[in-house]
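When a ligand or atom number is given, it counts from 1 through the structure's own listing order.
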Amino acid sequence: MDPKTKFSTHRERATNPLVWCAAIICTILTVAVIIAGIVTFIGYLVIHPRVPYVSVMDAHLDHIQIDYAGILEIQVTILIRAQNGNEKAHASFSDSSYSLSLNGEVVAQLVAPPFEVGKNSSVDFNYVVPSSPIPLRPDQAEDVDTGLKKDLITFDLKGSTWVRWRIGHLASVRFLCRLECRLRFHPLNGTYIPSRCSSKAK
Ligand SMILES: *[C@@H]1O[C@H](CO)[C@@H](O)[C@H](O)[C@H]1NC(C)=O
Ligand SMILES: *[C@@H]1O[C@H](CO)[C@@H](O)[C@H](O)[C@H]1NC(C)=O
């Protein structure tokens, strides 16, 4: 009994400085993490509004027709704007590719060659996508038919573009701008029903 007590008391005394040391290191690390967090957050607030993004500005359903055999023909115009709000650096966009689908069927692919957007400026891409005749399954054809009767056709636009963007003089970041949204039209007059469609967060 006695030797055991002695041993544990001894051990406690011996580890005490180590415990203090660990506590101090822990505190320093915690403070460092908090400071890094605050710096990142401020950086985010300053930089975030200027991060380049793409968004759908306008669209028009020029033509939609489905025949008795379920063969679909459409032509859609979609205006996508690439925006660079940074006043000090230009942005390079590449691998822009978006697919347009109707009832789960990809009806058109929108692609653009690599392009540059100058400081504090934007570039518009007016995609005119005529689709070659697309045979639809009977259930898809029925959905399109219902949409035509209700004067409401919904497309899904999904895709992305890579952006290379310089921050300051040295750093350069490359990131993906994703677009994923529904584009709704009145097929009778082709009007686009505007909705938010942007890769910008918020
Ligand atoms: C950036 O563009 C906005 C709107 O186009 C304009 O109001 C602003 O003055 C421009 N800033 C610079 C530094 O050119
Ligand atoms: C197109 O049709 C819709 C629904 O009938 C209507 O709300 C819209 O104002 C029309 N747009 C034009 C440009 O005529």
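Under 4.0 Å is where a charged nitrogen must lie from a carboxylate oxygen, and between Asp156 and Lys158 no such pair does.
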Would you mind writing out a table of all protein N or O atoms found under 3.5 Å from any N or O atom of ligand 2, naming both atoms and giving the distance to 0.1 Å?
residue  : atom   : partner : partner atom : Å
ligand 2 : 2 (O)  : Asn189  : OD1          : 3.4
ligand 2 : 2 (O)  : Asn189  : ND2          : 2.4
ligand 2 : 11 (N) : Asn189  : ND2          : 2.9
ligand 2 : 11 (N) : Thr191  : OG1          : 3.2
ligand 2 : 14 (O) : Asn189  : ND2          : 3.2

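Looking at Val144, Ile74, Ile134 one by one, the single match for side chain to side chain contact (heavy atoms under 4.5 Å, CB included) with Ile66 turns out to be Val144.
Here OG of Ser132 is found 10.0 Å from CG of Leu72. Values are rounded to the nearest 0.5 Å. Here CG of Asn84 is found 6.5 Å from CZ of Phe93. Values are rounded to the nearest 0.5 Å.
Geometrically, Arg174 does not engage Trp165 in a cation-pi contact, judged by NZ or CZ lying under 6.0 Å from the ring centre and within 45° of the ring axis.
Partners of Cys197 according to the disulfide bond (SG atoms under 2.5 Å apart) rule, which considers only residues two or more places apart in sequence or in another chain, are Cys181.
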